[in-house]
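Structure first, then comments.
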Amino acid sequence: MSDQHSTLRAQRRAETRRVIQAHAVRLFTERGYDATTVTDVAEAAGVSPMTVYRHFPTKEDLVLVDQHGRLVAERIVASSAARPLVRRIGGALVDAATALTGRGPGDDPTASERFLLARLRLMISTPALRARHLDNQYALQQAIVDALGDDATDPDTAFHVQVAASACLAAMHTALVRWAEDDGRTRLPDLIAKALTAAFGDDTAEGGGETDTPEPTGRTEPG
């Protein structure tokens with residue numbers, strides 16, 4: 001019974017977080033980030049400002065907090081250690097984008113995709129969010145390194161992994177900006193795969209699946 005209660009409590013917390021963040025992004029988009037207060041968000045979500053802060057310690061977190069790092073890490077852990085490093089990282093980035101956008105080729109944009117696009121536009125257009133976004137990129141890089149575990153135990157290998165992760169994230173960031181500028185017309189996973197190909201070469205994994213990512217040309221570091 002206690003496990004069931006814990007599960008229900010976690011589900012309620014997750015739903016509260018989702019509702020708060022959805023209202024925050026909507027208000028920031030409609031009124032502007034600086035013109036909207038945490039109290040405004042709390043009133044729209046039907047909760048107290050203390051509840052908002054309990055789930056999102058800072059105003060910036062209302063836009064920046066997501067499940068991306070967890071999704072990427074899970075997919076790296078599930079990938080074969082025999083695959084080239086950039087393919088493991090890049091494939092995880094493409095897979096995570098597929099999970100977050102949640103549509104197939106030719107499908108209409110989903111609510112989750114429109115929400116992600118709105119958040120991304122806020123990150124790009126708001127100076128305070130741009131600065132914090134860099135922190136998120138570093139945290140995602142560290143999540144990737146941690147997910148690779150034993151692959152990054154000695155200092156030289158760890159440096160190698162950090163460079164590969166940083167290069168892949170730079171390619172992904174370029175794809176995210178293009179996706180926002182393009183108003184989400186191109187599928188985000190396709191844009192990320194295209195950016196990775198531009199960075200690391202034209203070779204792709206066998207099978208041609210949408211989660212395949214480029215083979216590094218000689219080394220996993222860029223250049």
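Reckoned from all heavy atoms, side chains included, excluding hydrogens, waters and symmetry mates. One-based numbering along the sequence shown.
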> Hey, mind stepping through Asp61 and Thr58 against side chain to side chain donor-acceptor pair (under 3.5 Å) and telling me if it holds?
Replying inline: CA-CA 5 Å; Asp61 288 334; Thr58 69; 3.0 Å; yes
>> So, taking the atom named CG in Leu169 and the one named CG in Asn136, what distance separates them when rounded to the nearest 0.5 Å?
In response: 11.0 Å
> Are any non-hydrogen side-chain atoms of Leu71 and Asp66 less than 4.5 angstrom apart?
Replying inline: no
> If you look at every heavy atom in Glu113 and Gly184, which pair is closest and at what distance?
Replying inline: OE2-O, 4.2 Å
> Is it true that Ile144 and Tyr138 fall in one hydrophobic cluster, defined by side-chain heavy atoms closer than 4.5 Å?
Replying inline: no
> Does any non-hydrogen side-chain atom of Trp179 lie less than 4.5 Å from one of Arg185?
Replying inline: no
>> For Ser166 and Val163: C-alpha separation, side-chain torsions, deciding distance, then whether side-chain contact (heavy atoms from CB on, under 4.5 Å) applies.
In response: CA-CA 5 Å; Ser166 180; Val163 170; 5.7 Å; no
>> Side chains of Arg88 and Ser80: any donor to acceptor distance under 3.5 Å?
In response: no
> How close do Leu85 and His160 get, heavy atom to heavy atom, and via which atoms?
Replying inline: CD2-CD2, 3.8 Å
> To the nearest 0.5 Å, how far apart are CD in Gln67 and CZ in Arg70?
Replying inline: 4.5 Å
>> Let me confirm one number: the CZ-OG1 distance from Arg13 to Thr51, rounded to the nearest 0.5 Å.
In response: 10.0 Å
> Do the side chains of Lys194 and Asp190 get nearer than 4.5 Å, heavy atoms only?
Replying inline: no
> Is NZ or CZ of Lys59 both nearer than 6.0 Å to the six-membered ring centre of Tyr33 and within 45° of the ring axis?
Replying inline: yes
> Considering all heavy atoms of both residues, which atom of Leu140 and which atom of Gly69 are nearest to each other, and what is their separation?
Replying inline: CD1-CA, 3.6 Å
>> Check for me, please, whether Val19 and Leu62 land in the same ILVMFWY cluster - side-chain distances under 4.5 Å, paths through other members count.
In response: no
>> Between Thr36 and Asp40, is there a side-chain donor-acceptor contact under 3.5 Å, judged purely by atom types and distance?
In response: no
>> Any heavy-atom pair between the side chains of Leu188 and Leu116 that's under 4.5 Å?
In response: yes
> Are side-chain heavy atoms of His133 and His173 found at a separation under 4.5 Å?
Replying inline: yes
>> Quick check: closest heavy atoms across Ile192 and Leu93, and the distance to 0.1 Å?
In response: CD1-O, 4.2 Å
> Going through the distances and angles, do Val52 and Thr39 end up as a side-chain contact (heavy atoms from CB on, under 4.5 Å)?
Replying inline: CA-CA 9 Å; Val52 175; Thr39 299; over 6 Å; no
> Do Ser112 and Leu100 come within less than 4.5 Å of each other through their side chains, counting heavy atoms only?
Replying inline: no
> At what distance, to the nearest 0.5 angstrom, does CD1 of Ile89 lie from CZ of Arg83?
Replying inline: 11.0 Å
> Checking Ser79 side chain against Ile76 main chain: does a donor-acceptor pair fall under 3.5 Å?
Replying inline: yes
>> Test your reading of the model: is there a side-chain donor-acceptor pair from Gln21 to the backbone of Val65, 3.5 Å cut-off?
In response: yes
> Mind checking whether Leu191 and Thr174 have side chains closer than 4.5 Å, heavy atoms only?
Replying inline: no
>> Run the side-chain contact (heavy atoms from CB on, under 4.5 Å) test on Phe56 and Arg17 for me, step by step, so that the C-alpha distance in whole Å, both residues' side-chain angles and the decisive distance to 0.1 Å come before the verdict.
In response: CA-CA 8 Å; Phe56 301 94; Arg17 286 169 62 89; 4.2 Å; yes
> Of the non-hydrogen atoms in Ala45 and His23, which two are nearest, and what is the gap between them?
Replying inline: CA-CD2, 3.6 Å
>> Salt bridge or not between Glu15 and Arg12? Use side-chain N to carboxylate O under 4.0 Å.
In response: no
> CD/Gln141 to SG/Cys168 distance, rounded to the nearest 0.5 angstrom?
Replying inline: 10.5 Å
>> Is any side-chain heavy atom of Gln137 closer than 4.5 Å to one of Met172?
In response: yes
> How many angstroms lie between atom CZ of Phe115 and atom CG of Leu120, to the nearest 0.5 angstrom?
Replying inline: 12.0 Å
> Are Leu148 and Val77 co-members of a hydrophobic cluster defined by side-chain heavy atoms under 4.5 Å apart?
Replying inline: no
> What heavy-atom pair brings Arg75 and Ala99 nearest, and what distance separates the two atoms?
Replying inline: NH2-CB, 3.8 Å
> Leu64 and Asp135: side-chain contact (heavy atoms from CB on, under 4.5 Å), yes or no, with the steps?
Replying inline: CA-CA 10 Å; Leu64 296 174; Asp135 293 338; over 6 Å; no
>> Strictly distance-based, threshold 3.5 Å: is any side-chain N or O of Arg130 a donor or acceptor partner for the main-chain N or O of Met123?
In response: no
> Backbone N or O of Leu129 within a donor-acceptor pair of the Thr126 side chain at under 3.5 Å?
Replying inline: no
>> For Arg132, I'd like to know if atom CZ has over 12 heavy atoms of other residues, nucleotides or ligands within 6.0 Å.
In response: yes
